[in-house]
**Student:** 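Structure below; questions to follow.
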Amino acid sequence: MTFLNAALVAGTAALSIPIIIHLFHKSRFKVVKWGAMHLLEMVIRTNQRRIRMEQWILLAIRCAIPALLAFAMARPIWQGSSRLLGDARASTVVLLDNSYSMDAARAGAANFSLAKDNVQQLIAGMQSKSEVHVVLMGQGGHGLLDAPTYDLSRITQVLGKTSAGYGTARVPQALDFAAGSLETMHEPVRQLVMLTDFQRVSFDPVEDKLITAALDRISKQAIPASVTFWDVGQDVKENIAIESLDFSKLMVGVGQKIQIRANLRNFGAANHQDLRVTLKVDGKDKGASQVALGPNSKAQVLFTQSFETAGSHVVEISTEPDALAADNSILASIPVRDRIPVLLVDGAPGDTSDDIKSETGYLQIALSPFMAGKVEQADLLQTRVIPAEGLTQKALSESQLVVLANIRRLGDDQLKALEDFVRTGGGLLVFPGDKTDTAWWNGAFSKLAPLPLGGIAGDLKEGAPSMGITSQRFDNPALELFNDPRNGSMNEAALKVWFRMRPPEKTGGALDPVVLARLDSGDPFLAEKPFGEGRVIACATAADADWSNLPARPFFLPLTQRLCVYLASNVYPPRNLEVGQQLISFLPTDAAGKKALLTGPDGVPVEVPVVKKETRGVVEYGPIFNPGLYTLVPPGGAAIHYVFNADRRESDLSRLTEQEINDLAKSHKVPVVRSLEEYKQLEHRNRFGTELWKWFLWALLAFCFLELILQRFFTRRRTKLPVKPLSASDLVGRNG
Amino acid sequence: MSHVSDFLAPADLQRISNLQVLARQVVEGFTTGLHRSPHKGFSVEFKQHRQYVPGDEIRRIDWRVFGRSDRYYIREYEEETNLRSTLIVDRSGSMAYGGGVPGKVSKFDYATRLAACLSYLMLQQSDGVGLVTFDTKIRRYIPVRSRVSHLRVILDELDQSKPGEDTELGRVFHDLVPMLHRRGLLVIISDCFGEVANFLKALAHFRHARHEIIVFQIWDRDELDFPFKGWTQFECLEKAGLKHMIDPVMLRQAYMENLERFRSELTLGCRRHKVDLVPFCTDEPYSNALAAYLSRRLAR
């Protein structure tokens with residue numbers, strides 16, 4: 001505590017005045033020779049302690065009154081345990097919530113624009129040579145500029161162009177990022193102010209410890225920053241969001257139909273009977289639907305769409321506008337293939353090229369049914385059957401997927417070429433058979449083989465028992481189709497003979513083989529293993545009908561097709577991403593060293609370099625925090641679309657209550673402000689302390705009243721019980 | 001009726017003139033205007049006539065009746081019993097309190113003047129009067145006499161008495177009982193300070209001896225109002241060295257409660273023993289005391 005008029009503190013010596021008066025009065029006492037001592041003595045004996053206590057209390061109060069007056073006039077200032085900052089220059093980190101819930105608007109004013117205005121006024125009010133870093137909270141925090149700066153006008157300028165909608169606010173990570181920024185700043189005073197709408201999903205109690213840890217990191221810095229929470233949220237209840245899109249196919253071919261299912265959710269209490277949902281493909285309206293969406297409920301809308309041209313296409317589903325525009329539409333990038341070249345390597349070829357009894361006969365029909373039926377319709381998968389000897393580097397370079405069917409063994413060169421093919425993103429599907437050399441499989445082929453082969457199980461004899469495929473829930477995208485029984489069931493399978501694949505040895509790494517499906521005996525039926533950037537899937541039985549009835553079952557076609565598309569689609573890095581992820585594109589080798597043109601949602605094209613990695617050119621850009629459509633135009637190639645969507649958890653606009661916000665701040669010992677004025681007052685207190693003279697003046701008045709009341713109380717009933725003076729009536733006949 | 005001054009020598013008259021004059025003024029001033037004058041006397045009162053029988057005194061024959069009826073009749077009179085009053089005056093130290101104000105009467109002064117007035121009044125009515133002064137013990141005992149000249153003895157004793165010792169009301173009264181052989185009226189003039197229980201026991205002892213009792217309790221106004229302010233040292237008038245330095249304002253309420261308790265205990269005790277308790281303040285006129293006495297006298 002300090003004093004503005006320190007000299008007046010000496011005035012507290014005035015507390016001695018009541019003591020002096022007391023002693024003076026006591027020294028000038030009267031003497032009364034008293035007769036009724038027996039009445040007085042008893043009173044003194046029984047009340048002496050109480051009287052002494054009361055006198056001490058009154059004396060203390062009387063002493064406190066002049067002391068309080070002197071204190072009030074000295075203008076004391078409370079600064080707490082920290083020193084006063086005064087006019088010292090400050091380094092300030094402004095943590096600005098730019099998640100898309102901040103776009104929620106009420107009466108035309110969005111939370112984010114209000115927050116932005118406050119930050120701009122805050123920066124405008126800073127003294128010159130202040131150091132500022134604005135950190136945006138979306139997806140864990142990133143700087144508005146690359147580093148803290150003293151150029152306040154530049155911050156204001158860039159901030160003016162910033163918008164919200166940057167994914168989810170991740171408070172602990174954002175605070176951690178801010179802590180890192182504070183460590184790099186220079187001024188002797190550090191401040192951190194976090195402007196957020198206190199959306200409930202962003203302040204999950206589970207993450208409270210992480211917030212504490214981040215704040216601890218700040219408080220343990222060499223110069224700990226004063227942290228302030230700034231509530232800039234408005235209560236907006238009604239909101240409809242399109243939460244996600246599901247596609248019936250992993251990859252679609254030209255002319256093929258794909259079903260697009262939009263999942264809608266109403267977070268508000270309003271009932272929407274005819275909510276209009278529209279579909280746009282490449283910016284053109286392609287359809288519309290109406291759906292009933294009750295209060296706090298979900299609904300789905302299904303669109304069927306086909307594409308006439310190969311290449312990258314963009315699908316957009318949108319609904320009617322509401323308070324939060326960011327989640328009223330959702331985008332998806334769909335790569336449409338003209339053909340996927342598949343190389344079928346047949347280890348037991350038939351007499352003719354189209355002999356169904358060959359090892360790949362059924363596969364060929366299943367993967368290219370229209371071609372097999374000589375129907376003029378496009379097959380996505382374009383198959384080519386070759387013998388084992390035909391598996392060359394050239395053949396591999398013309399394919400995106402290789403299927404090995406009952407191959408006895410491959411030559412070393414072939415195997416190396418195949419490994420290179422998979423390592424660089426190619427897909428490999430392996431069916432063993434009666435010719436398979438298990439020693440080679442478990443030896444030279446073990447790098448690619450998901451699981452080593454054990455012995456052959458089952459019996460081909462007539463009447464021998466067959467083995468089925470266990471019903472289970474499938475997590476793999478290639479098999480999840482069969483989670484819905486309407487799409488067919490693998491229960492119909494009956495395997496006579498199969499290879500026992502030994503169970504995988506789990507190391508906990510990402511490259512561990514995974515069993516996708518099992519037989520009723522517990523043996524693996526399908527096993528997958530990542531290899532480089534490609535994937536290998538092995539089946540436990542043969543691809544033809546010699547060992548099982550698989551080719552004759554209805555699920556064989558979708559199973560093989562989806563397995564192939566799944567393996568082949570890995571060639572292309574994902575195009576539908578979440579904000580915070582990196583944009584990656586694989587381009588032909590000849591594009592390496594050149595520049596690709598990337599245009600984001602802001603419409604400003606950016607040149608990005610194409611880097612040569614192994615056998616191809618690669619574009620890497622990001623991480624990207626601004627959700628929306630990104631179009632990459634490679635040198636001499638067609639445009640590729642990438643979509644970055646924000647996590648739709650933010651669509652639930654419910655906020656912490658005011659009491660919960662206060663409790664949260666209290667638990668972290670952080671003050672909460674709700675306006676610029678409040679923040680300025682708080683900063684003023686931090687810098688110049690809190691003047692206490694008003695409190696001392698109130699205390700002075702209170703003590704004056706207290707003295708008056710206590711004095712009356714201690715001598716209570718002094719006037720209430722007057723002694724009745726004796727009169728003649730008392731004297732005559734008083735005792736009857 | 002003989003005047004009181006006839007029985008007093010000039011020197012004595014000078015010495016006790018204050019008391020005597022005061023007593024006369026008060027009594028005569030008080031009796032003026034009363035319907036029944038005390039000067040008519042109570043010695044004999046006619047009751048009835050009866051026929052003379054041999055052996056009766058000749059001088060008691062009513063000759064007027066003989067003249068009218070020619071028969072001898074004897075006049076019979078009812079002889080009235082004279083009142084035997086004993087004034088018991090407290091001369092303890094506490095009776096010396098007079099507030100320290102010059103010219104103000106102390107409780108003892110007031111008591112002696114009251115005793116003088118009562119003595120004069122009683123002797124005027126041919127009642128017998130005695131006097132007892134006491135503090136821790138009986139200091140002087142003057143037996144009951146009904147002669148007018150007895151007033152001089154009483155006044156002399158009252159004049160010579162000075163307060164100053166401690167009080168032992170209970171023990172003193174117990175000692176006094178055997179000295180009062182004949183039943184009569186006991187007039188106790190005291191502040192009654194001390195143990196109430198002992199005092200009441202002593203009154204009970206008197207009552208057992210079939211004495212009528214009237215207690216004139218003398219108060220000073222200060223003792224009733226406790227009007228003191230500022231730091232004050234109270235020094236005991238009865239015990240030397242006993243003193244207390246207090247702020248009386250802080251203690252006044254407790255003192256008043258204690259005083260009220262003391263007075264009510266005393267009043268209830270006296271009522272229980274059929275003793276008349278008449279509290280008096282030194283600023284009250286003496287005539288009030290005489291009125292109380294006569295009220296009690298007429299009630300007998």
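Just so we're on the same page: letters track the sequence lines, and every chain starts at 1. Treat the numbers as computed from the prediction; the structure is a model and nothing was measured.
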**Student:** If we only count heavy atoms from C-beta on, is the B:F228 to A:W34 side-chain gap below 4.5 Å?
**Tutor:**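 A side-chain contact exists here, since the closest heavy-atom pair is under 4.5 Å.
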**Student:** Is B:F262 close to chain A through its backbone or its side chain, or both, or neither, when contacts mean heavy atoms under 4.5 Å?
**Tutor:**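 When you check distances to chain A, only side chain atoms of B:F262 fall under 4.5 Å.
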**Student:** With heavy-atom distances below 4.5 Å as the criterion, would you say the side chains of B:Q233 and A:V32 are in contact?
**Tutor:** no
**Student:** If I take atom CE from residue A:M37 and atom NZ from residue B:K239, how far apart are they, to the nearest 0.5 angstrom?
**Tutor:** 10.0 Å
**Student:** Which heavy atom in B:Y255 sits nearest to a heavy atom in A:A36, and how many Å separate them?
**Tutor:**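 Between these two residues, the closest heavy atoms are OH-CB, 4.0 Å.
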**Student:** Looking at A:K30 and B:F234, would you say the former's side chain and the latter's main chain have a donor-acceptor pair under 3.5 Å?
**Tutor:**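 No: the side chain of A:K30 does not pair with the backbone of B:F234.
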**Student:** Go through the atoms of B:E238 and report whether side chain, backbone, both or neither lie under 4.5 Å from a heavy atom of chain A.
**Tutor:** neither
**Student:** Measure the spacing between CG of A:L58 and CE of B:M250 and express it to the nearest 0.5 Å.
**Tutor:** 5.5 Å
**Student:** Which value, rounded to the nearest 0.5 Å, describes the distance between A:K33 atom NZ and B:L237 atom CG?
**Tutor:**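 Between A:K33 NZ and B:L237 CG, I get 7.0 Å after rounding to 0.5 Å.
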**Student:** Got more than 12 heavy atoms from elsewhere within 6.0 Å of CE, B:M245?
**Tutor:**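 Counting neighbours around CE of B:M245, more than 12 heavy atoms of other residues, nucleotides or ligands fall under 6.0 Å, so yes.
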**Student:** Pick one: which of A:L39, A:V43, A:L40 meets side-chain contact (heavy atoms from CB on, under 4.5 Å) with B:F226?
**Tutor:** A:L40
**Student:** Less than 4.5 Å apart, any side-chain heavy atom of A:H38 and any of B:E195?
**Tutor:**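 Not touching, per the 4.5 Å side-chain cut-off.
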**Student:** Please test A:Q55 against B:D247 for side-chain contact (heavy atoms from CB on, under 4.5 Å), starting from the C-alpha separation and ending with a verdict.
**Tutor:** CA-CA 10 Å; A:Q55 283 178 334; B:D247 183 357; 3.7 Å; yes
**Student:** Give, for atom CD1 of A:I44 and atom CD1 of B:I246, the distance between the pair rounded to the nearest 0.5 Å.
**Tutor:**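 Answer rounded to 0.5 Å: 4.5 Å.
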